[in-house]
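The structure appears below as structure tokens.
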Amino acid sequence: MPSQRSISEAEKLAEAKLGGIPVRREQMAAVANIYRAASAVRQHLENSVLRGSDLTWTAFVVLWVVWVWGESETRHVAEEAGISKGTLTGVARTLVSRGLLRRAGHPTDGRLVLLALTDEGEDFMREVFPAFNDEEAFVTSRLSDDECRGLADGLRKVVLQVEEGGEERRQSLLNGEAPTPRRSGRRPTS
């Protein structure tokens, strides 16, 4: 379902609102469109192929990470999936109850937990991933193969910039202080 507000309309409104404020417009547009594209793709995939499997985006990503990497410590799964360990706990509990994932204690460190796909989980991913990939092809169908490669390369550079320089930048912006934890449902105060 198309958005009531087009991406070009949003860009024009932002340009008008900013007026004479000195900003890096191309970079602003790139980041805004990364967010909009990610949201649109996630919503499409959740409402199409994942809905038929009764999976959320996050549950699928957790299954994908464990499928690709094999048995892994929960902290690594959470990091690769881009979620907190607390979120992973709830998602993993659901996937274990569905018989797609299994939890096991670490063989040498009792404090750690390992996650692995069950045989049913392996079969499930082999069945669902081709349909998921068909939808990836659908959402990128206006791009040529070369444009897809270029987009993927550009996005990798964005990720690397944040991974390699983000922590130092955050420390600089916060004058070396740790970020204040946000309380659920509340906006930070200025």
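Residue numbers count from 1 along this sequence.
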Are W69 and V77 in one and the same hydrophobic cluster, where Ile, Leu, Val, Met, Phe, Trp and Tyr link if side-chain heavy atoms are under 4.5 Å apart?
yes

Side chains of L112 and R75: closer than 4.5 Å at any heavy-atom pair?
yes

Using a 3.5 Å distance criterion without hydrogens, assess whether the side chain of S72 forms a donor-acceptor pair with backbone atoms of G70.
yes

From E122 CD over to L63 CG, what is the distance, rounded to the nearest 0.5 angstrom?
10.0 Å

Trace of the side chain to side chain contact (heavy atoms under 4.5 Å, CB included) decision for T58 with E46
CA-CA 10 Å; T58 304; E46 280 188 329; 5.8 Å; no

Taking all non-hydrogen atoms of both residues into account, name the closest pair between A81 and V65 and its distance.
N-CG2, 4.1 Å

Over all atoms of both residues, closest heavy-atom pair of V128 and S53:
CG2-OG, 3.5 Å

Does atom CZ of R169 have more than 12 heavy-atom neighbours from other groups under 6.0 Å away?
no

R42 side, atom CZ; H44 side, atom NE2 - distance, nearest 0.5 Å
14.5 Å

Please verify the inter-ring angle class for W57 with F60; under 30° counts as parallel, over 60° as perpendicular, anything in between as tilted.
tilted

Are L101 and T118 side-chain neighbours, meaning at least one heavy-atom pair lies under 4.5 Å?
no

Once rounded to the nearest 0.5 Å, what's the spacing between atom CZ of F132 and atom CG of L50?
6.0 Å

Using atom types as modelled and distance alone, determine if a side-chain donor or acceptor of S144 lies under 3.5 Å from a backbone N or O of E147.
yes

D153 pairs by salt bridge (charged side-chain N to carboxylate O under 4.0 Å, His left out) with which of K157, R149, R156?
R156

Which pairs count as side-chain hydrogen bond (donor to acceptor under 3.5 Å, both in side chains) when at least one residue sits in residues 78-89, sequence neighbours excluded?
S84-T87

Evaluate whether atom CD of E168 has more than 12 neighbouring non-hydrogen atoms of other residues, nucleotides or ligands under 6.0 angstrom away.
no

Output the distance between atom CZ (R103) and atom CG (L115), rounded to the nearest 0.5 Å.
6.5 Å

Do V61 and V139 sit in one hydrophobic cluster, given that two such residues count as connected whenever their side-chain heavy atoms are within less than 4.5 Å of each other, even indirectly?
yes

Same hydrophobic cluster for Y35 and L151, using side-chain heavy-atom links shorter than 4.5 Å among ILVMFWY?
no

Around atom CD of E127, are there more than 12 heavy atoms from other residues, nucleotides or ligands closer than 6.0 Å?
no

Picking from V113, T74, L95, what satisfies side-chain contact (heavy atoms from CB on, under 4.5 Å) with L88?
T74

Would you check if the side chain of N133 reaches a backbone N or O of F129 as a donor-acceptor pair within less than 3.5 Å?
no

Give a yes or no on whether L143 and F138 share a hydrophobic cluster (residues Ile, Leu, Val, Met, Phe, Trp, Tyr; joining criterion: side-chain heavy atoms under 4.5 Å apart).
no

Quick one: do V62 and I83 satisfy side chain to side chain contact (heavy atoms under 4.5 Å, CB included)? Show the steps, please.
CA-CA 9 Å; V62 167; I83 59 176; 3.9 Å; yes

If every non-hydrogen atom of V49 is compared with every non-hydrogen atom of A131, which pair is closest and at what distance?
CG2-CB, 3.4 Å

Backbone N/O of T94 and side chain of S97: donor-acceptor pair under 3.5 Å
yes

Assigning hydrophobic clusters by single linkage (Ile, Leu, Val, Met, Phe, Trp, Tyr; side-chain heavy-atom cutoff under 4.5 Å), is L114 placed with L117?
no

I need the R51 CZ to T56 OG1 distance, nearest 0.5 Å.
12.0 Å

Between Q161 and V158, does the side chain to side chain contact (heavy atoms under 4.5 Å, CB included) criterion hold? Intermediate values first, please.
CA-CA 5 Å; Q161 175 63 15; V158 170; 5.8 Å; no

Return the CG to CD distance between N47 and E135, rounded to the nearest 0.5 Å.
11.0 Å

